[in-house]
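Just so it is clear, the structure is predicted and the values come from calculations on it, not from any experiment.
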Amino acid sequence: MAKHISEKALRYDLTVPFARYVVMHQHEISFPFKRYQIQPVWRADRPQKGRYREFHQCDVDVIGSNSLLNELELIQLTIDIFNKLNISVVIKINNRKILEGFAESLGLKDKFNDFITILDKIDKITIHDAKNELHKKGFSDDEILKIVESIKSMRQLESNDQKLDFVKEFCKTSEIGMKGIQEVENIFDYLKSLPAEYSGFLKTEQIEFDFSLARGLNYYTGAIFEVKARNIAMGSICGGGRYDDLTGIFGLPNVSGVGISFGADRIYDVLSELRLFPKNTDVTSQLLFVNLGAEEEKYCLALAAETRKNGINTELFPHAAKLKKQLDYANANHIPYVAIIGTNEIKSKQITVKNMNSGEQMELNINKLIELLKGMLF
RNA sequence: GUGACCAUAGUUUAAUGGUAGAACUGCGGGUUGUGGUCCCGCUAGUGAGGGUUCAAUUCCCUCUGGUCACCCCA
């Protein structure tokens with residue numbers, strides 16, 4: 001029953017619904033159409049590390065344009081994002097047409113999917129396992145030999161150029177394969193042609209041509225991407241590709257798009273495991289007004305309203321308590337400044353402000369306090 | 001879909017077929033309005049249901065939840 005429901009009722013990705021949206025609104029949309037979308041999606045699998053039943057995808061797509069400039073833009077955006085998050089990544093790119101070229105050159109077009117599945121595992125399995133699996137899937141001895149031989153030679157390649165040369169040689173008789181190679185080369189050309197002042201953030205060694213990258217999705221027709229974080233055992237945190245006819249299933253054929261999707265939960269896991277979250281993310285308040293009694297709290301209420309009006313995140317401790325308790329609270333919540341106001345301060349119209357990092361304390365009026373704290377914001 | 005392992009306080013974890021112990025957190029105290037260290041105290045727990053037993057947190061079964069891997073990755 002659960003399976004029955006999950007097959008029919010779960011949203012598995014954002015791209016297919018996006019294609020439906022585009023078809024439904026085709027007369028209102030001006031192409032090329034770009035959008036981003038962040039929403040939960042579901043998986044009907046049993047959960048395990050990095051795989052949740054519910055998780056969040058952040059999709060970016062451009063539909064209605066064949067230009068490889070779109071692929072480039074998505075790569076730029078991806079680099080930019082992971083640089084900002086301080087996550088060291090490898091962006092793998094491949095092209096579905098190259099995979100087809102492989103299959104064609106090996107005479108395996110009719111067994112494309114099985115072949116791709118093996119190719120995708122090239123790094124993880126031994127030759128022996130590969131043979132077994134191919135055998136199980138019904139490949140002939142001759143075919144197995146051809147595949148295994150090519151896997152062996154592929155494994156010796158290291159640089160992007162070596163790999164490109166290899167596939168060029170391998171696919172030279174396949175028209176579609178050559179087209180895929182050309183697309184990959186064009187993308188690399190674009191990347192290389194970016195002027196230094198704009199490509200300062202581009203570290204091309206982060207971008208790897210990986211012809212064994214397949215992606216499960218069968219709607220991809222051109223470029224495919226996958227991003228893996230370095231220094232951590234975690235599946236891909238980002239993936240995407242070009243789809244030439246996704247809208248076709250909803251009745252609008254031949255509208256090509258390209259998109260990429262970031263797995264928010266896995267990215268969170270990476271940030272968390274690698275301790276890359278900035279320390280100050282839990283800083284919410286800049287200033288705490290201590291509460292020393294009924295009269296004081298009323299007095300502070302007005303002052304807190306004033307600091308808040310000036311854009312300073314302010315708290316007033318919600319009940320009278322020992323000073324120690326309230327200072328502990330400020331420490332625990334990383335509140336950098338505490339305003340201490342008792343009968344003396346009320347009388348003198350001054351505010352005793354304590355810097356919780358240095359321990360320094362001074363008396364100021366409200367305007368000076370606001371000035372001080374505004375100077376701390378940036 | 002397959003397999004392995006796990007379930008004890010808010011958290012991390014001990015232990016036993018016979019009173020479930022600790023650490024951290026939280027709260028209170030160490031005399032008045034000055035914190036982060038230290039000392040003392042308090043709160044709080046065996047996932048649910050059934051079975052075996054004089055007695056089950058412990059052994060058995062079912063369920064639920066979780067972890068990891070395979071398959072798969074929409």
Can you tell me, in whole Å, how much space there is between the [atom1] of [N] and that of [M]?
N	M	atom1	answer
B:rA23	B:rA15	C1'	15 Å
B:rG18	B:rA55	C1'	7 Å
B:rG47	B:rU57	C1'	12 Å
B:rA22	B:rC42	P	10 Å
B:rC71	B:rG65	P	25 Å
B:rG36	B:rC68	C1'	40 Å
B:rU46	B:rC40	P	28 Å
B:rA56	B:rG49	C1'	15 Å

Could you tell me whether the phosphate oxygens of [N], OP1 or OP2, come under 4.0 Å of any side-chain nitrogen or oxygen in [X]?
X	N	result
A:Lys325	B:rC27	yes
A:Lys324	B:rC27	no
A:Gln48	B:rA69	yes
A:Lys121	B:rC71	yes

Item to check | Toward the 5' end of RNA chain B, by each residue's nearest nucleotide, A:Ala321 or A:Gln361 | outcome: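 Closer to the 5' end of RNA chain B: A:Ala321.
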Checklist entry - When the nearest nucleotide of RNA chain B is assigned to A:Asp120 and to A:Pro47 on a heavy-atom basis, which residue is associated with the more 5' position? => result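 Here A:Pro47 is the residue nearer the 5' end.
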Checklist entry - So, A:Tyr190 and A:Glu71: side-chain donor and acceptor under 3.5 Å apart, yes or no? => result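 No donor-acceptor contact under 3.5 Å links the two side chains.
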Next on the checklist: Checking contacts here: which listed nucleotide (B:rC72, B:rU67, B:rU34) is nearest the side-chain heavy atoms of A:Thr117?
Outcome noted: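 My answer, after comparing the listed nucleotides, is B:rC72.
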Checklist entry - Taking the side chain of A:Leu292 as its heavy atoms from C-beta onward, which of B:rU34, B:rG33, B:rU67 lies nearest to it? => result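 Of B:rU34, B:rG33, B:rU67, B:rG33 is nearest to the side chain of A:Leu292.
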Which nucleotide, if any, forms a Watson-Crick or G-U wobble pair with [N], using both distances under 3.5 Å?
N	answer
B:rU13	B:rG21
B:rA44	none
B:rC68	B:rG3

Checklist entry - Going by heavy atoms in the side chains, are A:Met154 and A:Ser212 under 4.5 Å from each other? => result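 The answer is no; the side chains never approach within 4.5 Å.
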Checklist entry - Would you call A:Gln361 and A:Thr352 a side-chain contact if the rule is heavy atoms closer than 4.5 Å? => result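 They are in side-chain contact.
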Does the pair [X]/[Y] count as a salt bridge with the N-to-O cut at 4.0 Å?
X	Y	result
A:Glu73	A:Lys34	yes
A:Arg53	A:Asp45	no
A:Lys163	A:Glu208	yes

Could you tell me how far apart [X] ([atom1]) and [N] ([atom2]) are, to the nearest whole angstrom?
X	N	atom1	atom2	value
A:Glu133	B:rC72	CD	P	7 Å
A:Arg43	B:rG1	CZ	P	17 Å
A:Glu360	B:rG36	CD	P	18 Å
A:Ile340	B:rG33	CD1	P	11 Å
A:Glu54	B:rG66	CD	P	13 Å
A:Arg53	B:rG66	CZ	C1'	11 Å
A:Arg215	B:rC72	CZ	C1'	13 Å
A:Glu226	B:rC73	CD	P	12 Å

Base, sugar-phosphate alone, or nothing: which one does [X] contact when heavy atoms must sit under 4.0 Å apart?
X	value
A:Asn218	nothing
A:Lys322	sugar-phosphate
A:Thr343	base
A:Gly235	nothing

Checklist entry - Who pairs with A:Tyr243 by ring-ring contact (aromatic ring centres under 6.0 Å, His included), at least two apart in sequence or on another chain? => result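 In terms of ring-ring contact (aromatic ring centres under 6.0 Å, His included), with neighbours along the sequence ignored, A:Tyr243 is linked to no residue.
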Donor-acceptor pair (no angle test) under 3.5 Å: [X] side chain, [N] base:
X	N	answer
A:Asn331	B:rG35	yes
A:Arg51	B:rC73	yes
A:Arg46	B:rG3	yes
A:Gln326	B:rU34	no

Next on the checklist: Donor-acceptor check, side chain of A:Asn313 to backbone of A:Ser285, threshold 3.5 angstrom: yes or no?
Outcome noted: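 Not a single qualifying donor-acceptor pair exists.
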